[in-house]
Amino acid sequence: MLDIALIRSKPDWVKEQIEKLNDEGALARIDAIVDLDARRRETRTRIETAQAARNKLNRAMGALRGNKRMTDGEKANRAQLAAAALGAEDYEQASRLMAGAEPATPDKHAEMKAAFDELIRELRIMGDEIGEGFRRIEAIEAELKENMLWLPNLPHESAPVFESEDDNIPGPMQGSLREFDFEPKPHWELGPALDIIDFERGVKLSGSRYYTLKGWGARLQRALISFFLDAARENGYTEVYVPNIVHGEMLYGAAQFPKFQDTVFSLADEEKYLIPTAEVGIANLHRGEILEEACLPLQYVAHSPCYRSEKASAGRDVRGIKRVHQFEKVEMFKFATPETSYTELETMTRQAEAICAALDIPYRRLEIVTGDLGFSATKKYDIEMWSPGCGEWLEVSSCSNTEAFQARRAMLRYYPSGTRKTRYLHTLNGSGLATPRVMIAIMENNQQADGSIMIPEALRPYLGGAKRIEAIKN
RNA sequence: GGAGAGGUGGCCGAGUGGUUUAAGGCGAUGGUCUUGAAAACCAUUGUACGGUUCUCCGUACCGCAGGUUAGAAUCCUGUCCUCUCCGCCA
């Protein structure tokens, strides 16, 4: 979520920022938000003032009824006078009467019960009006929140302003392209040929976009996961294992919901969901807590399966394992102060690149332009590996700073050193890395003329020292 | 899955409808005292939102959500979670 105070104070500036994004409809929400916010504050101030008066009167009521120094006649008379004052909406006068501060005439004939009933009747009228007011505030705030939840994050000033993903700015390729003296095959041919990816049986089990890995395929994936986790740990990230099934609230916290609700799988008999990334769990780890600045930045890494329904991508990338409903990913995540978050983003991105370099696969960094930033990032870098079989660049990592966008939703805060004033943390996330696409890149780059695949040196310790996935002899 | 017990501030813990502030303790922070420290004593103590503007004031929050009441931590209903025992299970 954005800072409502920022929208309130600089609505036109916020609109200018949103115009840089490729997000139809977000702009119109700003005017609605400004209006709802003004109504919310006006109503809240008015109703809370009335509530303050009522609280005071209710306490005075108890004090009057229980007062041991007053005669019943005086109490009855005071109740009568107070009820009249309430009828005239003079709450101060009524309070003073009940507290015994104003003179009253003890009246032996006044009926205690009748007098108090009258007073209670006036208080009930007041209470009904206030109740109605709070219901109105709730409705306004629900609408305001709904609008806020649909509003994307604003781009950082350093994000290049262009329209779409076609304008993303590629950096120079790192590493060297393989030179093949044969036509390199795509992984959807290599996998079945080596009997390490079985598409048919995956489809038999679960339908399209599911697959099974077998033998070296399954082992290669497991090796990659271990390698990625070790690399992150060496960079100072604490390894965590998080639930793969979470409350919907966590998905709001990580800013998947409400906008991307239909990309997430939900459970049939519970209000819980399969995570689309381990980021969901990590981002909410410190939900509702207030951290001390001295422990920042907090760095976590987690491996998890990622479940994505991919409804919006029907028909795209239908061959192979580039876009599937279930895959494995190692996710890096940082909680940082606003002062350090952008240098932390650079560090994290370089760490993801270093993993690509260690695997000896040609890769490049893509600077994401404002029109392709997505919903929650202020600045983003993608890292792509070249796949000679598919003939395309594969996104294997995406590193983002969300500033306080997730922090406001999940209540992630810290006390700056020496103060007790809370501040929102900045959160950063980056894949490090995602397995199916890295496997594609390894298979397609390292394929040999005889059909075998060379295993990157960095992975060999995880595979019993094996150097190569041998072709099947016919 | 069955039975029982419970959920109150950073922590422990009191509080069964009201005479305006969730008692008390621990911890933490600041101060006094001291060469320094400890001890003792004094003071302070959460979060969000709104108003005010640098200091306060107000509202809400006692797991969560409803309800009863002029008034709820307290009574009622639902729900979630934790613990203990039993059953099942890797």
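Excluded from the calculations below are hydrogen atoms, water molecules and symmetry mates; all remaining heavy atoms, backbone and side chain alike, are included. Naming: A, B, ... by sequence-line order, numbering from 1 per chain.
Atoms CD (E141(A)) and C1' (C49(B)) sit 8 Å apart, rounded to a whole Å. The CE-P distance, from M98(A) to G71(B), rounds to 14 Å in whole Å. One can place CD of E138(A) at 14 Å from C1' of U59(B), the figure rounded to the nearest angstrom. In this structure, CZ of R96(A) is placed 17 Å from C1' of U20(B), rounded to the nearest angstrom. For K56(A) and U20(B), the NZ to C1' distance is 10 Å, given to the nearest whole Å. In this structure, I137(A) atom CD1 and G58(B) atom P are separated by 18 Å, rounded to whole Å. Atom CG of D117(A) and atom P of G71(B) are 15 Å apart (whole Å). Across the protein-nucleic acid pair, R46(A) atom CZ and G51(B) atom P stand 14 Å apart, rounded to whole Å.
Nucleotide U16(B) is matched to nothing when pairs are restricted to Watson-Crick or G-U wobble geometry with both distances under 3.5 angstrom. Base pairing analysis places A39(B) opposite nothing; no Watson-Crick or G-U wobble pair with both distances below 3.5 Å involves it. Both distances falling under 3.5 Å, in either a Watson-Crick or a G-U wobble arrangement, occur for no nucleotide opposite U21(B). Base pairing of U44(B): its partner is A28(B), meeting the Watson-Crick or G-U wobble criterion (both donor-acceptor distances under 3.5 Å). Across all strands shown, C89(B) has no partner, as no Watson-Crick or G-U wobble contact with both distances under 3.5 Å is found. Nucleotide G7(B): paired with C80(B) (Watson-Crick or G-U wobble, both distances less than 3.5 Å). Pair assignment for G58(B) gives C49(B), based on Watson-Crick or G-U wobble hydrogen-bonding distances that are each under 3.5 Å. U69(B) is unpaired under the criterion used here, namely a Watson-Crick or G-U wobble arrangement in which both key atom distances are under 3.5 Å.
A residue-by-residue look at L123(A) and R44(A) shows that R44(A) has its nearest nucleotide of RNA chain B further toward the 5' end. Nearest-nucleotide assignment on RNA chain B puts the 5′-proximal partner with T45(A), out of R121(A) and T45(A).
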From CA spacing to verdict: side-chain contact (heavy atoms from CB on, under 4.5 Å), L151(A), I7(A): CA-CA 11 Å; L151(A) 215 54; I7(A) 298 175; 3.8 Å; yes
Test log, rule side-chain hydrogen bond (donor to acceptor under 3.5 Å, both in side chains), inputs H325(A) and E310(A): CA-CA 7 Å; H325(A) 289 313; E310(A) 299 290 347; over 6 Å; no
L433(A)/V330(A) under side-chain contact (heavy atoms from CB on, under 4.5 Å): CA gap, chis, key distance, verdict: CA-CA 5 Å; L433(A) 308 166; V330(A) 168; over 6 Å; no
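Side-chain N/O atoms of N55(A) include one lying less than 4.0 angstrom from OP1 or OP2 on U59(B). Side-chain N/O atoms of Q51(A) include one lying less than 4.0 angstrom from OP1 or OP2 on A60(B). In this structure, N58(A) does not reach the U69(B) phosphate: none of its side-chain N or O atoms is under 4.0 Å from OP1 or OP2.
Ion pairing of R135(A) with E132(A) is present here, as a side-chain N (NZ or NE/NH1/NH2) and a carboxylate O approach within less than 4.0 Å. Under the 4.0 Å criterion applied to side-chain N and carboxylate O atoms, E157(A) and K20(A) are not assigned as salt-bridge partners. A salt bridge is defined here as a Lys NZ or Arg NE, NH1 or NH2 lying under 4.0 Å from an Asp or Glu carboxylate O, and D23(A) with K259(A) meets this definition. The pair D198(A)-K214(A) fails the salt-bridge criterion, with no side-chain N (NZ, NE, NH1 or NH2) lying under 4.0 Å from an Asp/Glu carboxylate O. Using a 4.0 Å cut-off between charged nitrogen and carboxylate oxygen, D3(A) and R8(A) do not count as a salt-bridge pair.
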Distances under 3.5 Å between protein N/O atoms and the N/O atoms of nucleotides 43-47 of chain B, please, pair by pair.
{"from": "U47(B)", "atom 1": "OP1", "to": "Y415(A)", "atom 2": "OH", "distance (Å)": "2.8"}
{"from": "U47(B)", "atom 1": "O3'", "to": "R413(A)", "atom 2": "NH1", "distance (Å)": "2.9"}

For nucleotides 53-55 of chain B, list the nitrogen or oxygen atoms of the protein found under 3.5 Å from its nitrogen or oxygen atoms, one pair per line.
none

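G17(B) and A73(B) are spaced 11 Å apart, taking the C1' atom of each and rounding to whole Å. Separation of the C1' atoms belonging to A60(B) and A65(B) is 15 Å when rounded to the nearest angstrom. Across the P atoms, A5(B) and C76(B) are found 14 Å apart, a figure rounded to whole Å. Taking atom P in both C88(B) and G67(B), the straight-line distance is 44 Å, to the nearest Å. C75(B) sits 14 Å from C62(B) when the P atoms are compared, rounded to a whole Å. Remark: the separation of the C1' atoms in G9(B) and G2(B) is 36 Å, to the nearest Å. Straight-line distance between the P atoms of G7(B) and A14(B): roughly 9 Å, to the nearest whole Å. Spacing of C1' atoms, A40(B) relative to C33(B), comes out at 9 Å, to the nearest Å.
Nucleic acid contact class of R423(A) (heavy atoms, under 4.0 Å, all strands): none. Within the 4.0 angstrom heavy-atom criterion, only backbone atoms of the sugar-phosphate kind lie near R54(A); the bases stay farther away.
Cation-pi geometry between R409(A) and Y252(A) is not met: the NZ or CZ atom fails to fall both under 6.0 Å from the ring centre and inside 45° of the normal.
Each salt bridge (charged side-chain N to carboxylate O under 4.0 Å, His left out) pair with one or both residues in residues 121-130 of chain A, not counting sequence neighbours, appears once here: E118(A)-R121(A).
Distance check: I442(A) CD1 to H187(A) NE2 gives 13.0 Å after rounding to the nearest 0.5 Å.
For R41(A), the side-chain atoms get nearest to G51(B) when compared with the rest of U20(B), G51(B), U59(B).
Looking at E48(A), its side chain comes within 3.5 Å of the base of G58(B) through a donor and an acceptor atom.
Side-chain atoms of S304(A) and N244(A) include no donor-acceptor pair closer than 3.5 Å.
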